[in-house]
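Small disclaimer: the values here were computed from a predicted structure and weren't measured.
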Amino acid sequence: MSKDRKTLEERDQMSDLERLRHSTAHVMATAILKIWPDAQFAYGPPIDHEVYGFYYDVDLKHRITPDDFEKIEAEMKKIVKENQPFERMTVSRDEALELAKSGRLGGLAERDAESVFKVDLLNDIPEGEEISIFKNGDFWDLCAGPHVGRTGNCKAYKIQSVASAFYKGDANNQQLQRLYGTAFKNKTLLTEHLERVEEAKLRDHRKLGKELELFKIDEQVGQGLILWLPNGAIIRQELQNFIGEELERQGYSQVFTPHIGKLDLYRTSGHFPYYEDSQFVPVIERDALNKLSDEGCSCADLNNALINGEADGFLLKPMNCPHHIRIYDASPHSYRDLPVRLAEFGTVYRWEQSGELGGMTRVRCFTQDDAHLFVTPDQLDEEIQGCLELVKIVLGTLKMDDYRVRVSLRDPESDKYVGDPANWDKAEEALRKAAQSLGKPFTEEEGEAAFYGPKIDFVVKDVIGREWQLGTVQVDYNLPERFDLHYTGADNEKHRPVMIHRAPFGSMERFVGVLIEHFAGHFPTWLSPEQVRILPISDKFAEYGQEIEAKLKAKGVRVKIDLTSEKVGAKIRLAQLAKVPYMLVAGAKEMEAGEVSVRHRNRGDEGTKSVDEFVDAIVKEIEERVV
RNA sequence: GCUCUUGUAGCUCAGGGGUAGAGCACUUCCUUGGUAAGGAAGAGGUCACGGGUUCAAAUCCCGUCAAGAGCUCCA
């Protein structure tokens, strides 16, 4: 995501709310300066975010903590009350530079230290563009605006959090304190927003994952390594079964491959040593290790030996493609065999930075619902369509329509992309065409492609506004080249197949994480770990309850019976908290009539039904995967 | 990886330089009750780990590990 300054055109289009939030950022900066006059400000834009509305980056000796927020907000209140006008003033580049050097910009007065960031930012303003300064009270800031009329407009605000950010988003630059806040037209809207944010946090998959015993991350096992608990495993298995049916329909072949492969395999694919930093360190062959060790080899020597191929070893697979490619290449192919579609729930390992790990959405070991299609160039468009269809079936079945589509292209400036630019153009064009046929708006983003090819990604947001890529369809002309794959055409000549990589869920971990939040833990019946709980009124009806339990079990329904000596009220409460879709209350009335009292998790008491009627209904609901 | 914050019973958390607390969950007993908490008793923690300061550390300091927020990254 580029942190570049907004163009003039973009600034003109700033909405009223963005204007207000940006102005509030100025008010906040003014308040901070009242308290810490030596604060140095960098960027302070409004942002489009689920939680936050603006931020301002500041360099300050004092470490701002949440305890300081109240103090800052109190100062802001005074500034709002003074109702200072925001005044725009245009200056020449030299005048601006002078002001920045005297510490006046991003300050309340001239200061001993120059306004370092403002001096630097001036250099980023293109020649010929008008340079403007906005003033409110004593606060002068280098700023293109626009702003609201007066500080009095900024009366509903909240400082929300403080974190840190690299200046200009570059990890080589110094880190600044970033203060996040938001602002609205009035207090009512602000309160509503803050309540919405709090409510969203209740759906956090990490919180629900613990409460519903879906998964855990164990310190002794390791960071970013998901342990699927029995309840979570049921959900995953159901999803796998679901997509398995679709794959069968679409003519895929299931394969299984090991979790490791020789380094040479990845030298050919280009994963090693090129992406060494994001892989686990190779597993070294014992003989090779002993030999090197006898030779008194250092760690650096070993590393070099691995990289230049003098020592052999295995890599935990960072992707499944090379294994699938070797399966394709196991036998000669005629154009009549194509497309070859190889599918596997393939587990991969990636060395993600520790600071990026979190919950199920960013992990170090995950299982992709992966497949690789080997197709003739003629078949490409149709096969891409098939893959997109699959993604749509998945998202449609789960009623996840709140996603955006991204066509991820290479960055022509970057050297991380392998292969012939002409092939890249072809692949990008094919995907662009496919994306258009989706009938949904999409964005094209440079620099988001995989190193071997461009892709169409389906991106969703989590409860705190972070975006995650789920499903993906990628076109690849490069790996077939690197592995020298071919098929025999109708002309009896050898031809190069094109590869499609695709994963409708993306990864089981991330998808289930997002799914937990999507349903707020209220999984549809077919996905619910426990689908029915039978609640006998008292011991006397235990046997009757067990009869019902047996009937449901016989139909494959996941059912439990609560035989504790609690009262129904308490039993219901526990079942509600466990988010079990159906509760069956069974007492004297029901037993006599061969019925059950049905209570649904969300719909409440639904009255009595005969046992058979209920069994039929729930079996149908599960089979049809009703959401 | 970086900055900041956090780490106390299975869970949610209070406390805080003098050797540990609540609610829920758990176990046992009583209760057999009709749509979100019936009652009683009991058990459960060397306060993440390793050092240091101190007569004394769960509490203060340093380090490690882990979690959270943000940044950077994400083939």
Only pairs with both distances under 3.5 Å count, Watson-Crick or wobble alike; so what is the partner of [N] in this structure?
N      : value
A56(B) : none
A14(B) : none
A40(B) : U28(B)
C65(B) : G7(B)
U46(B) : none
C71(B) : G1(B)

Cation-pi check, R21(A) onto F54(A) ring (under 6.0 Å, within 45° of axis): no
C30(B) versus G17(B) - spacing of their C1' atoms, nearest Å: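 One C1' to the other, the span is 46 Å.
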Nearest-angstrom distance, P atom, U3(B) to U64(B):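 The answer is 11 Å between these two P atoms.
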Sugar-phosphate only, base, or nothing, as touched by Q279(A) at under 4.0 Å among non-hydrogen atoms: base
Sugar-phosphate only, base, or nothing, as touched by Y452(A) at under 4.0 Å among non-hydrogen atoms: sugar-phosphate
Under 4.0 Å protein heavy-atom contact, by nucleotide of nucleotides 29-36 of chain B - B base, S sugar-phosphate only: -BBBBBBB
Does a side-chain N or O from [X] land closer than 4.0 Å to OP1 or OP2 of [N], or not?
X       : N      : answer
R364(A) : C73(B) : no
R362(A) : C73(B) : no
K416(A) : C74(B) : yes
Q223(A) : A66(B) : yes
R206(A) : A67(B) : no
K210(A) : U12(B) : yes
Y180(A) : C4(B)  : no
S354(A) : G1(B)  : yes

Between H600(A) and E606(A): side-chain donor-acceptor atoms closer than 3.5 Å: no
NZ/NE/NH1/NH2 to OD/OE distance under 4.0 Å, K609(A) and E595(A):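 Between E595(A) and K609(A) there is no salt bridge, as every charged N stays at least 4.0 Å from the carboxylate O atoms.
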Whether Y275(A) stacks on the six-membered ring of A75(B) base, 5.5 Å and 30° limits: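 Yes, aromatic ring over the base.
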Partner of I534(A) by side-chain contact (heavy atoms from CB on, under 4.5 Å), out of V585(A), V596(A), L584(A): L584(A)
